[in-house]
Amino acid sequence: MDLSDTPEEEEFRARLREWLAKALPTLPPKPSPEDWPARRAYDLGWQRTLHDAGYGQVHWDASPTTRLIFLEETERAGAPYVGAGFVGLLHAGPTIAAEGTDEQQARWLPPILRGEEAWCQGFSEPDAGSDLASLRTRAWRDGDTYVVSGSKIWTSHAEVADWCELLVRTDPTAVKHRGITWLAMPMSTPGITVRPLRTLAGSAEFAEVFLDEVRVPVANRVGEENDGWRVTMVTLSFERGTAFVGEVVACRRVLGELARTARENGRWDDPVLRRRLGRLNAEFRALWRLTQWNVSEAEQTGGVPGVGGSVFKLRYSHARQELYDAAAEVLGPRSLDLDGPWTLDRLSSLSYTIAAGTSQIQRNIVAERILGLPKGP
Amino acid sequence: MRFRLTGDQRALRDSVRQLLARRFDGEALRAAVAEPGLDRALWRDLGELGFFALRLPEADGGVGLGLPEAVLAFEETGRALLPGPLVATHLAAGTVPGAATGETVVAAVDGELVEWLEEADVVCGVGGDGSVRGDGGAYGADGVPGAPGVAEAVPLRSVDPLTPLHSVSRRRAADPVAVLLTAAEQLGTAGRVCELAVQHARAREQFGRPVGAFQAVKHLCADMLVRTELARAAVYAAAVTAGRADIAAARLLADEAAVRGARDCLQVHGGMGFTWESEVHLHLKRAWVRAQRGGANTESEEVLAGDLLS
Ligand SMILES: Cc1cc2nc3c(=O)[nH]c(=O)nc-3n(C[C@H](O)[C@H](O)[C@H](O)COP(=O)(O)OP(=O)(O)OC[C@H]3O[C@@H](n4cnc5c(N)ncnc54)[C@H](O)[C@@H]3O)c2cc1C
């Protein structure tokens, strides 16, 4: 057991820290959280800056430990979050890197890394949420294209995405997990209608996507026809396993700010609240240690993260909600003000136990795939 | 950063596990419950294995290993539900003659309790008023002015049949290493009760299927594992850093994982879990005893709150 940096890691950390200190002051002002086109430009612009400085690949190429250092240092320095780059950088890209052909990798990966193209995830459907494999969006072959009809829902960043990692049913007669195919669909193709959905936080960060005879080249298929469920498991393991890691550092920073706010406004004198913040400190420290543990294990086995990500996701999603509930207690009535410091974060934290697989589904995964309990009735 | 067990650490853990499987299996556990008392032969076996001298420098006749290794060993004794003042004797190795080899059994005031007071040869943390047993007087004061002597210790009818208890009227400040080793024992319990629950959930059938197929049961088990793995990360990290806040975090999460885990394990066992014969209650009772030691809830939460402002 060793938590210290190796000489190479130490060197990487120092170099990155120095670069961040120079790069961050030159950033343009942060756009309004409601303005997705501006957010896209801002988020992808940051990825471009990282790329030009030689850090573009860091989410995929570097050793998992290096990536952890990257997340730690960028968050500590207050660097922008991946934002609109989330799907491309954190799960579509890694999936293509793991499962795509050489041509596919050459076509899709460099623009993601250079911050030129954004992706969205077209998995969920109105009748296929937790039961994702029951999806019905149909695709049939017409020469060298698939013709796709159906609809998707909760598609984050659909309005500003260039590509969509899309799950379609290519064999309606097969048992449900077997007839699915994973496609990369350009969002500019005729036949696609995006209708924004307003979230409870007031923003329009996701959308419904209607697909009416959309033609997608067969060359855009990742993996074999009808083998899309296996590819999907790779995507989900990235989404659950590693995509939220950076946020733990952010939560630890927020917790420190909360304590200082409480001291300023006198709430710190309440031992119940103080101990509640103390307990959250334990929680986020431990979540960070769990991350380091998972990453060290992944480094040993290499490649795709395991189901251990579900353990992390389950606990983290609840801890995040408790953090912002504690913030409300520190702030008192100010917590009801949408312009208050953590109100929007509190609202958006409500999605963490739902998106990327609900807590109930994560518990099923932990119980069945890690503990080996029998499948449910 | 290589935050995973090394080959040597794995080997150490396995050797402690094997010794305990040989010397303290389910049958020995039940025998101990029927006839409580400290097994001094086992104590010496542990001494021979280097359990008490683990962190003592080699120059002083110890094994010369560190906190991470101690934590792994204590996790195993927690798993096995091994009775005895293990933490106190381990901490006394190097100061109290015979502790390192397991010849001398050392108890200590921890929080407001002393475990195994009457079976111990030496009791640490009590006043230098001569009221300690054996040659304990020389080590008893422990820098705690006015701490009560054994004479003032009040015997309790211990909830844990395998841990005799006395209470004392004044608290003794918690030694951070003792807090961490207690967390390691709690971690062992948490892992063990999760295993027991899963075994039972797979074997016991109702409504024509194993009860583990029902989500209400499945989700109890999943939460047990999640709490255990989070506690594990915290305990191992605290063993590496030995930082005050890290130790407090480890203790909080490990206490939670052990106590909640043992309760949930009992629930998964249904009526069988409420019987004396099933070993589940023993795990819960021991977890409760450990949760009363120094460095428990409030204390750790305050340490961690203070850390946020530092
Ligand atoms: C902010 C946000 C962003 C999202 N972004 C995307 C995206 O970009 N792309 C995308 O494809 N999807 C996205 N999603 C969709 C998300 O993946 C689904 O909402 C999620 O998988 C749950 O599906 P559902 O909403 O249909 O709920 P349902 O599946 O209808 O579940 C309803 C309730 O029933 C419970 N439940 C369902 N099945 C079981 C079961 N077997 N056992 C126990 N309980 C069960 C659930 O836990 C939940 O409490 C997003 C969701 C949110 C909130």
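Throughout, a chain's letter reflects where its sequence line sits, starting with A, and its residues are numbered from 1.
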Can any side-chain N or O of [X] pair as donor or acceptor with the backbone N or O of [Y] at less than 3.5 Å?
| X | Y | result |
| --- | --- | --- |
| Gln321(A) | Ser349(A) | yes |
| Glu69(B) | Gly66(B) | yes |
| Ser300(B) | Asn297(B) | no |
| Glu9(A) | Met1(B) | yes |
| Gln292(B) | Glu112(B) | no |

>> If we define contacts as heavy-atom pairs under 4.5 Å, which of Val235(B), Val198(B), Leu220(B), Asp246(B) has the most with chain A?
In response: Asp246(B)
Can you tell me which portion of [X] sits under 4.5 Å from chain A's heavy atoms? Options are side chain, backbone, both or neither.
| X | value |
| --- | --- |
| Ala248(B) | neither |
| Arg227(B) | both |
| Ala245(B) | both |
| Arg2(B) | both |
| Ile247(B) | neither |
| Glu229(B) | both |
| Glu195(B) | neither |

Give, as side chain, backbone, both or neither, the part of [X] having an atom under 4.5 angstrom from any heavy atom of chain B.
| X | result |
| --- | --- |
| Leu371(A) | both |
| Gln360(A) | both |
| Arg263(A) | side chain |
| Trp288(A) | neither |
| Arg260(A) | both |
| Leu68(A) | side chain |
| Gln292(A) | both |
| Leu258(A) | neither |
| Ser4(A) | backbone |

> Looking at OH of Tyr236(B) and CG of Leu5(B), how far apart are the two atoms once the value is rounded to the nearest 0.5 Å?
Replying inline: 5.5 Å
>> With a 6.0 Å cut-off (strictly less than), is the heavy-atom count around CZ of Arg244(B), excluding the residue itself, greater than 12?
In response: no
> Mind checking whether Phe3(B) and Trp293(A) have parallel, tilted or perpendicular rings, split at 30° and 60°?
Replying inline: perpendicular
> Parallel, tilted or perpendicular: which describes the rings of Phe51(B) and Phe74(B), with under 30° parallel and over 60° perpendicular?
Replying inline: tilted
> So Arg4(B) and Glu297(A), salt bridge (Lys or Arg N to Asp or Glu O under 4.0 Å) or not? Walk me through it.
Replying inline: CA-CA 7 Å; Arg4(B) 52 174 185 258; Glu297(A) 291 280 315; 5.8 Å; no
